[in-house]
Participant: 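Would you mind keeping the following structure in view while I ask a few things?
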Amino acid sequence: MGIASGNPAASAGKDFIPTQAWMEMDNPQIILETVKVYEGLGKAIILRFFNPFSHAIEQRVKFNFVFTKIEETNLKEEATGHITADKGYIRIMIQPFAVKTYKVQLA
């Protein structure tokens, strides 16, 4: 799995271990193009993924921190659906040349 390092949730008030990978992705074809603190109410981070290929790609993402829920959103970051996690993992399917945005609500 690819590893995202750093601490995107630090400014959202969460304590992370700096050397710990906070997220892992199993498909290097998908681009994690945005990681930012959610600007609305509540403590959350926004993750935006991009599929640059002409075929649909499944991505498995593992979060190494505690979260309360994950929602798929539109580009305005308005919820469009709830994502079910299994043991810290989510599976997402991204269509060709598409962008998917998720709001991860922090515990």
Side-chain angles (χ1 to χ4, degrees):
M1 289 190 145
I3 298 174
S5 60
N7 188 356
S11 59
K14 294 296 167 188
D15 296 323
F16 282 20
I17 300 169
T19 58
Q20 177 184 358
W22 61 274
M23 186 179 97
E24 300 173 42
M25 299 173 15
D26 72 348
N27 193 332
Q29 294 180 313
I30 295 297
I31 297 169
L32 175 61
E33 67 144 20
T34 302
V35 178
K36 69 177 196 149
V37 174
Y38 177 61
E39 296 174 10
L41 297 175
K43 294 181 180 180
I45 57 173
I46 298 296
L47 304 175
R48 193 164 287 132
F49 298 90
F50 173 60
N51 176 0
F53 296 96
S54 60
H55 59 278
I57 298 175
E58 182 177 42
Q59 173 73 276
R60 192 170 78 149
V61 180
K62 180 179 187 287
F63 297 101
N64 296 320
F65 58 89
V66 179
F67 57 90
T68 57
K69 70 178 177 178
I70 300 176
E71 296 175 307
E72 185 170 347
T73 72
N74 58 24
L75 291 175
K76 293 181 181 181
E77 299 171 6
E78 300 164 333
T80 59
H82 180 77
I83 305 299
T84 302
D86 180 25
K87 298 179 184 175
Y89 287 90
I90 63 168
R91 289 187 182 273
I92 57 177
M93 180 64 73
I94 304 177
Q95 296 304 312
F97 308 111
V99 172
K100 288 266 190 161
T101 303
Y102 298 92
K103 179 172 82 171
V104 180
Q105 191 72 40
L106 303 173

Participant: Could E58 and R91 be called an ion pair, given the rule that one side-chain N must be under 4.0 Å from one carboxylate O?
Facilitator: yes

Participant: Going from NE2 on H82 to NZ on K103, what distance comes out if it is rounded to the nearest 0.5 angstrom?
Facilitator: 12.0 Å

Participant: Please identify which of these residues, V35, V104, V61, meets the side chain to side chain contact (heavy atoms under 4.5 Å, CB included) condition with M23.
Facilitator: V61

Participant: Okay, side chain of Q59, backbone of D26: is any donor-acceptor separation there less than 3.5 Å?
Facilitator: yes

Participant: Roughly how far, to the nearest 0.5 Å, is the OH atom of Y102 from the CZ atom of R48?
Facilitator: 12.0 Å

Participant: Could you give the distance from CZ (F97) to CZ (F50), rounded to the nearest 0.5 Å?
Facilitator: 7.5 Å

Participant: Stepwise, does the side chain to side chain contact (heavy atoms under 4.5 Å, CB included) test hold for Y38 with L106?
Facilitator: CA-CA 10 Å; Y38 177 61; L106 303 173; over 6 Å; no

Participant: Any donor and acceptor pair, going by atom type alone, linking the side chain of T101 with main-chain N or O of T73 inside 3.5 Å?
Facilitator: no

Participant: How long is the straight-line distance from CG of L47 back to CD of E33, given to the nearest 0.5 Å?
Facilitator: 11.0 Å

Participant: Can you tell me how far the CD1 atom of I46 sits from the OG1 atom of T34, to the nearest 0.5 Å?
Facilitator: 9.5 Å

Participant: Between N51 and Q95, is there a donor-acceptor pair closer than 3.5 Å when you use the side chain of the first and the backbone of the second?
Facilitator: yes

Participant: Can you list the steps and then say if I45 with K36 is a side chain to side chain contact (heavy atoms under 4.5 Å, CB included)?
Facilitator: CA-CA 6 Å; I45 57 173; K36 69 177 196 149; over 6 Å; no

Participant: If you measure from CZ on R60 to CE on M25, what distance do you get to the nearest 0.5 Å?
Facilitator: 12.5 Å

Participant: Taking all non-hydrogen atoms of both residues into account, name the closest pair between A85 and F67 and its distance.
Facilitator: CB-CZ, 3.7 Å

Participant: Closest approach of I70 and I90, non-hydrogen atoms and distance?
Facilitator: CD1-CG2, 3.6 Å

Participant: In sequence, state the C-alpha distance, the side-chain angles, and the governing distance for E77 and E71, and then conclude on side chain to side chain contact (heavy atoms under 4.5 Å, CB included).
Facilitator: CA-CA 9 Å; E77 299 171 6; E71 296 175 307; over 6 Å; no

Participant: Indicate, with yes or no, if I31 and V99 share a hydrophobic cluster defined by side-chain heavy-atom contacts under 4.5 Å among Ile, Leu, Val, Met, Phe, Trp and Tyr.
Facilitator: yes

Participant: Where do Q29 and P52 come nearest, in terms of heavy atoms and distance?
Facilitator: O-CD, 3.5 Å

Participant: With side chain to side chain contact (heavy atoms under 4.5 Å, CB included) as the criterion, how do F49 and I57 come out once you've worked through the C-alpha distance, each side chain's angles and the decisive distance to 0.1 Å?
Facilitator: CA-CA 11 Å; F49 298 90; I57 298 175; over 6 Å; no

